[in-house]
Every structure is written in C-alpha cells, then in structure tokens.
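See below for the structure under consideration.
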Amino acid sequence: MLNYLSPLSLPNAKNPYPYYAMLRQAEELIYDQQHQLWVVSRAQLVQEILEDERFVVRPTAQTIPANILGSSAGEVFADLMRMNEGERHAIPKQVFTTSFRQINFSEIHQHLISLSMTLDAKTDLNEWIMSLAVKSVAKLCGFAEAELVQVYQWTADFVACLSALSTPEQLVNASVAAKNLQLHFDQLLQQATPQANSLLSSLQQEAQQLGWHQCHELKHNLIGLLSQSYEATAGLIANSMVVLQGDVELRKTLQTQPESLPAFIEEVLRYDAPIQNTRRFVTQNCRLAGQELQAGECLLLLLASANRDSQHNSEADQFQLHRTNRRSFSFSHARHLCPGQTLAKQITTHALASLLQQFSTQDWQDLQWTYRPSHNARIPQFHSKEAT
C-alpha cells in the first residue's frame with residue numbers, strides 16, 4: 001500500500017521524482033481526501049484530460065477565485081484566456097498565438113544581452129532571475145527602460161494573489177498592483193502610434209484583423225503574460241542552473257557549443273518542470289479510468305510526473321541533451337498550450353549564456369538552494385556556501 005504524501009508538497013521537495021514514480025505505479029486516479037481532488041500521474045491520462053473539453057481550467061460555479069472576487073485583481077483574472085474556456089476566449093488566444101509567431105526576436109536580443117550582463121552573481125542572483133523575464137516582456141510590450149523595475153515590482157505583487165498561500169496583505173497589494181498595471185497598459189494602448197515592432201503593435205494589428213476590439217481584455221491578458229513570465233520562466237532558468245551545477249562536463253559542452261542551448265532547455269523543461277502540476281474541473285458526470293466522476297470535482301494533473309513517464313519518454317529519469325522524440329507537458333498541451341513558450345525559451349537561452357560566461361567553476365560549486373513555497377511552481381532560491 002502506497003504511503004501517501006500530498007502531491008501539493010512535491011514541487012518544493014528536494015527530489016520529488018521517486019515519489020512521482022511511485023504514484024505512476026499505483027492507480028490511474030488516486031483520491032486525495034485532504035485536498036478533495038483526484039491525482040493523475042500517468043502521461044497518457046494527463047494527455048487525454050488536457051484534450052477533453054469536459055475538463056476545464058476553472059470550476060463553472062467559481063470562474064474567479066473567491067479571495068479576489070470584486071477586486072482589481074479579480075477583474076484581470078476574469079479575462080485571462082489561459083484561465084477560461086469557451087468561444088469568448090478563442091479569438092484572444094488566436095491573436096496572441098499569431099503575434100508571438102511573428103515576433104522578430106532580433107529586436108530584443110540586444111536588450112536581453114544587456115539585462116543578462118547586469119548580473120551580480122554574489123548578491124542579486126535570485127532577484128535577477130525573477131526579474132529578467134518580466135523586464136524583457138515589459139520591454140517587448142513597449143515600456144520605457146525607466147519603467148521596467150516598477151512594472152516588475154507590480155507584477156511580483158500581482159502574482160502573489162494567484163497562490164492558495166496568499167496572505168490578506170498580499171491580496172491587498174495584488175489588487176493595488178493590478179490597478180497600476182491596468183493604468184499603465186491603458187497609456188500604452190492609447191498611444192497614437194505604438195512603438196514600432198513592439199509586441200503591443202503586433203497584437204493590436206492582429207486583433208484589428210480578427211475583429212477583436214476589447215481593449216480591456218487585451219490589457220488584462222498582457223498582465224497575465226507578465227505574471228506567467230514571472231514564475232514559469234524564472235523556474236526554467238533556475239532549474240537549468242540546478243542541472244548545470246551538478247554537471248561540469250555539460251557546462252563545458254554548452255560553453256563550447258552554445259548552439260546546444262535550445263536542446264538543453266527543452267530537456268530541462270521535461271526533466272525538471274518549472275510548473276509541476278495544473279488543475280482541471282469536471283463539467284459533467286462521467287467515467288474516467290474506471291472511476292465515476294461527478295460534475296464539479298477537481299483533477300490535479302502532475303505534469304512533472306507525466307514528463308518522466310517511460311511510456312512517453314524512454315529512459316525518462318535520465319537527462320539526455322540530444323534526446324530523440326522528446327515529449328513534454330511543461331507548457332501544457334492542446335487548446336491550452338502556452339503561446340509564450342518560444343519567448344520563455346529565448347529569454348532562458350540568453351540568461352544561461354550569460355551565466356556560463358560569468359560564473360567560475362567555484363561559483364557553480366558554491367551554489368546551494370531551497371525551493372520557494374508553492375503548490376505548483378518549482379523555483380529554486382539560491383544562496384552560496386558563505387551564506388549558510
């Protein structure tokens with residue numbers, strides 16, 4: 001009989017993967033009585049659920065979390081295309097997906113290089129990791145250089161409300177931050193001529209072509225893009241560092257063969273996912289994996305476990321730089337596939353190139369880390385041996 005441990009604690013565990021393996025050997029669906037949800041750990045069932053329209057991102061009776069309902073943060077949440085279903089959000093998803101495909105990444109390469117080179121490895125590493133993606137996305141949207149730090153701080157405050165671990169003070173700060181971000185995006189959107197080649201310009205042009213004229217939905221999803229960058233991209237950078245810290249030869253390979261960085265990042269996404277799980281809610285009574293499910297019940301999809309399922313990836317517990325037929329759920333799947341994944345990978349590539357250039361062997365050896373408290377994000381917080 002499996003000695004059950006809450007999967008919501010696993011993203012912060014030093015090594016959750018042996019336990020994920022134990023879950024995959026148990027039943028396809030395991031009921032967590034404490035948290036009142038079904039746990040899904042195998043890749044095939046995770047994929048089936050993500051592809052099935054009977055299972056949605058939010059419970060139909062509570063599309064906005066109760067703790068932010070009626071606040072500015074709740075207003076933003078209500079329009080987030082990645083937190084909602086249905087026809088209303090189909091066009092926004094298409095607008096963002098198409099616009100990201102059209103981004104000329106050469107326009108932001110120099111900015112990313114500049115941000116990456118500001119690293120103070122001894123004192124500001126965690127702040128640098130957390131802020132790099134947000135500042136890059138803000139710059140891509142058209143914010144001025146002088147505004148980037150403030151946009152990052154507001155984003156960090158807003159993201160706090162999306163966690164079940166939020167305190168009352170964090171909820172208040174999140175609503176203030178949401179209001180400030182709304183006002184500043186309004187200013188960008190009201191400019192007569194958006195900054196040339198900016199993401200904002202591309203989004204506006206695509207929205208006009210598709211007949212999407214909901215300005216408030218656009219700005220709210222831009223805030224959502226900043227919030228996703230804050231945790232997911234930071235986790236990808238930091239988890240990449242964890243892999244590199246323990247593998248001298250891999251560091252040497254990437255230093256001499258920087259063209260291998262994209263493959264390395266793809267394997268980190270599979271091997272140690274920055275977002276370890278996601279939820280889906282049942283919209284109608286149905287039968288799944290031999291269990292009768294009731295409308296309103298919650299499914300916890302263990303994306304990190306599915307990535308390590310040998311039925312989807314051979315030798316799944318091995319880190320393979322040039323893995324063939326790699327399959328990963330780290331940026332979700334099917335209709336909720338993250339449109340910003342290419343940007344996240346580009347930002348991570350520049351971050352790691354900078355680290356590989358600036359960090360000495362001793363810097364890597366001195367790194368130690370714990371994990372930020374979270375029920376789904378796996379983000380190392382680094383400190384050096386001198387700090388212990």
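Just so it is clear, the structure is predicted and the values come from calculations on it, not from any experiment.
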Can you tell if the side chain of Val57 reaches within under 4.5 Å of the side chain of Arg280, non-hydrogen atoms only? yes
Taking Leu37 as the starting point, is it possible to reach Leu10 by hopping between hydrophobic residues whose side chains are less than 4.5 Å apart? yes
Are side-chain N/O atoms of Ser131 and Glu127 paired as donor and acceptor at under 3.5 Å? no
Tell me, yes or no, whether the heavy-atom count around Glu169 atom CD, taken from other residues, nucleotides or ligands under 6.0 Å, exceeds 12. no
Asn325, CG: over 12 other non-hydrogen atoms inside 6.0 angstrom: no
Are Tyr20 and Gln276 close enough, and set up right, to give a side-chain hydrogen bond (donor to acceptor under 3.5 Å, both in side chains), and what steps lead you there? CA-CA 11 Å; Tyr20 284 137; Gln276 298 256 303; 2.9 Å; yes
Cluster check Phe319, Leu367: I/L/V/M/F/W/Y, side chain < 4.5 angstrom: yes
Would Ser374 and Asn12 count as a side-chain hydrogen bond (donor to acceptor under 3.5 Å, both in side chains) here? Give the steps. CA-CA 7 Å; Ser374 175; Asn12 314 140; 5.2 Å; no
I'd like to know if Leu69 and Ile223 are part of one continuous hydrophobic network [Ile/Leu/Val/Met/Phe/Trp/Tyr, side-chain heavy atoms within less than 4.5 Å]. yes
Hey, mind stepping through Val151 and Leu226 against side-chain contact (heavy atoms from CB on, under 4.5 Å) and telling me if it holds? CA-CA 9 Å; Val151 171; Leu226 290 173; 3.8 Å; yes
Check whether any side-chain heavy atom of Pro274 lies under 4.5 Å from a side-chain heavy atom of Ile379, and answer yes or no. no
If you take all heavy atoms of Leu302 and Ser41, which pair is closest and at what distance? CD1-CB, 4.1 Å
Hydrogens and angles aside, do Gln150 and His184 bring a side-chain donor and acceptor to less than 3.5 Å of each other? no
Holding to ring-ring contact (aromatic ring centres under 6.0 Å, His included), I want the full list of residues that pass it with Phe158, two or more places apart in sequence or in another chain. none
A cation-pi test, strictly: NZ or CZ of Arg378 under 6.0 Å from the centre of the six-membered ring of Tyr371 and no more than 45 degrees from its axis. Yes or no? yes
Look at atom NZ of Lys345 and say whether more than 12 heavy atoms of other residues, nucleotides or ligands are closer to it than 6.0 Å. yes
Please report the C-alpha distance between Tyr271 and Gln320 in whole Å, then the side-chain angles of each, then the deciding distance to 0.1 Å, and finally whether the side-chain contact (heavy atoms from CB on, under 4.5 Å) criterion is met. CA-CA 9 Å; Tyr271 184 78; Gln320 296 179 5; over 6 Å; no
For Gln47, all residues meeting side chain to side chain donor-acceptor pair (under 3.5 Å), sequence neighbours excluded: Glu51, Arg327
Membership question, hydrophobic clusters at under 4.5 Å side-chain separation (ILVMFWY): are Leu181 and Val149 in the same one? no
Sequence neighbours excluded, the answer for side chain to side chain donor-acceptor pair (under 3.5 Å) partners of Gln228 is none
When you look at Phe185 and Phe143, which way does the ring-ring contact (aromatic ring centres under 6.0 Å, His included) test go after all the steps? CA-CA 9 Å; Phe185 270 115; Phe143 282 107; 5.1 Å; yes
Taking it one step at a time, do Ser305 and Arg24 satisfy side-chain hydrogen bond (donor to acceptor under 3.5 Å, both in side chains)? CA-CA 8 Å; Ser305 174; Arg24 290 194 300 273; 3.1 Å; yes
Inter-residue atom distance Asp79.CG - Glu217.CD, 0.5 Å rounding: 4.5 Å
